[in-house]
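Heads up: the structure comes next, in structure tokens.
These numbers come from the heavy atoms of this one structure, side chains and all, not from hydrogens, waters or symmetry mates. Computed from a predicted structure; not experimentally measured. First the proteins, then the strands, lettered A, B, ... as listed; each starts at 1.
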There are 2 protein chains.
Amino acid sequence: MKTFNIGELSEKSGVASHAIRFYERENLMPEPARTQSNYRRYPEDAIARLQFIIHAKQWGFTLDEIRELLMLQDANGDRAEAKRIAREQLEKIRHQIQSLSRIEAVLSKTLEECSGEGPMDGCPIVEAIAQER
Amino acid sequence: MKTFNIGELSEKSGVASHAIRFYERENLMPEPARTQSNYRRYPEDAIARLQFIIHAKQWGFTLDEIRELLMLQDANGDRAEAKRIAREQLEKIRHQIQSLSRIEAVLSKTLEECSGEGPMDGCPIVEAIAQER
DNA sequence: CATAACCTTAAAGTTCACTTTAAGGTTATG
DNA sequence: CATAACCTTAAAGTGAACTTTAAGGTTATG
């Protein structure tokens, strides 16, 4: 099986070498084997693990949550736990969508109302922001 | 007209005293008058200004953007500028809603697929995150 | 008139997720 | 065999938006 230096792993995974070391310190990546000269040597599946991290980040998981998921995987832990983490994440995302949608509605309505001409005094945008609600 | 110490303003506006001083350093709040003993003395409209900042933050504006809006107001500047800032903000919010909605769809589908029972090995949630897409 | 509850400043700490810098040691290339 | 291109560590820096701490000075209360 092939093994990689940190630079090669960085290229293959799209994660900067320093970020990989950072993930190691943060217990997201396991400590890899070392060469005689103390260089990190990674097995091939390190690529998949980094890509898991990247995707989980895109899904809005924090590094703390990702660490939890990875620890469950490493321990071949309980699926119910993973489901709980994912469900909490879904809840968070739905909340975000809701509050952003409310803002979107008010902001787009306000923008329609504002001619974009004249001085700030009485500008509907400013007044909408100043509004209590 | 009434004037306030920073603590009273903090209470009335719901913004911590230290945050108010921070906003002053960041040019979001004007330098207020001082008493003989160098205490800040705020006029009543400082409350409205802080509430404007709070609401604009809730709308997702950064402090940089809020500073811009406040400067436009202070200068009684051009409404077209304010509209541009608000339009950019609307664009950002729409983008966020779109990507969150995509994530919501995949995540909720994945959660339905996962029984929540058994070991992690083969868990659809983990596999969905690991997936390239 | 002591002391609690305010106020002042400057500077450092917080969180997140890294990136950058400094000061080296190692390996590959011409 | 010089030198470029890697690798190592520890520590500091980044940015956003504050919060906390330190070390005081001032004002209100019993």
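- Between A:Glu112 and A:Lys109 there is no salt bridge, since no side-chain nitrogen of the basic residue lies less than 4.0 Å from a carboxylate oxygen of the acidic one.
- When the side-chain nitrogen and oxygen atoms of A:Tyr39 are compared with OP1 and OP2 of C:dG25, none of them lie within a distance under 4.0 Å.
- Atom CD of A:Glu8 is separated from atom C1' of D:dA5 by 13 Å (rounded to the nearest Å).
- Between A:Asp74 and A:Arg49, at least one side-chain N (NZ, or NE/NH1/NH2) sits under 4.0 Å from a carboxylate O, which counts as a salt bridge.
- As judged by a 4.0 angstrom heavy-atom cut-off over every strand, B:Arg21 is placed among the base-contacting residues.
- Taking side-chain N and O atoms only, A:Tyr23 has no distance below 4.0 Å to OP1 or OP2 of C:dA17.
- Distance from the side chain of B:Leu63 is smallest to D:dA17 among D:dT8, D:dA17, D:dG25.
- Atom CZ in B:Phe22 sits about 14 Å away from atom P in D:dT20, given to the nearest Å.
- The nearest whole Å value for the distance from the CE atom in A:Met29 to the C1' atom in C:dC18 is 16 Å.
- Counting only Watson-Crick and G-U wobble pairs whose two key distances fall under 3.5 Å, DNA chain D forms stems of three or more stacked pairs at C:1-30 with D:1-30.
- For the pair B:Arg40 and B:Glu24, the salt-bridge criterion is met [side-chain N within less than 4.0 Å of a carboxylate O].
- In this structure, B:Thr62 reaches the sugar-phosphate backbone alone: every heavy-atom distance under 4.0 Å involves primed, P, OP1 or OP2 atoms, never a base.
- Under the 3.5 Å distance criterion, with hydrogens and angles disregarded, no donor-acceptor pair is assigned to the side chains of A:Arg41 and A:Thr35.
- A residue-by-residue look at B:Arg25 and A:Arg41 shows that A:Arg41 has its nearest nucleotide of DNA chain D further toward the 5' end.
- Within the structure, every side-chain polar atom (N or O) of B:Lys57 is placed at least 4.0 Å from both OP1 and OP2 of D:dA16.
- Just one of A:Asn5, A:Ile6, A:Ile47 meets the side chain to side chain contact (heavy atoms under 4.5 Å, CB included) condition when paired with A:Tyr42; it is A:Ile6.
- For A:Phe61 and C:dA17, the CZ to P distance is 13 Å, given to the nearest whole Å.
- Contacts of residues 85-104 of chain B with DNA chain C (heavy atom under 4.0 Å): none.
- For the salt bridge (Lys or Arg N to Asp or Glu O under 4.0 Å) criterion with A:Arg84, the lone passing option out of A:Glu91, A:Glu65, A:Glu68 is A:Glu68.
- Residue B:Ser17 is classed as having no contact, given no heavy-atom separation below 4.0 Å to the nucleic acid.
- Ionic pairing of B:Arg79 and A:Glu117 is not present here: no N-O contact between side-chain nitrogen and carboxylate oxygen is shorter than 4.0 angstrom.
- Look at B:Glu113 and A:Lys83 and you find no salt bridge, because none of the NZ, NE, NH1 or NH2 atoms lies under 4.0 Å from a carboxylate O.
- For B:Arg34, taking side-chain heavy atoms from C-beta onward, the closest of the listed nucleotides C:dT8, D:dC6, D:dT9 is C:dT8.
- As a whole-Å value, the separation of B:Asn5 CG from C:dT8 P is 7 Å.
- What separates CD1 of A:Ile53 from C1' of C:dC18 is a distance of 13 Å, to the nearest Å.
- Ion pair A:Lys92/A:Glu88 not flagged as a salt bridge, since none of the NZ, NE, NH1 or NH2 atoms sits closer than 4.0 Å to an Asp/Glu carboxylate oxygen.
- The B:Ser37 side chain lies nearest to D:dT27 when the options are C:dA17, D:dT27, D:dT19.
- Atom NE2 in A:His18 sits about 12 Å away from atom P in C:dA22, given to the nearest Å.
- Residue A:Arg40 places no side-chain N or O under 4.0 Å from the OP1 or OP2 atom of D:dC7.
- If you measure from atom CD of B:Glu65 to atom C1' of D:dA17, you get 14 Å, rounded to the nearest angstrom.
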Please list every donor-acceptor pair under 3.5 Å in which a side-chain atom of residues 12-23 of chain B meets a protein atom from a residue at least two apart or in another chain.
{"unit_1": "B:Ser13", "atom_1": "OG", "unit_2": "B:Leu9", "atom_2": "O", "d": "2.7"}
{"unit_1": "B:Ser13", "atom_1": "OG", "unit_2": "B:Ser10", "atom_2": "O", "d": "3.4"}
{"unit_1": "B:Ser13", "atom_1": "OG", "unit_2": "B:Val15", "atom_2": "N", "d": "3.2"}

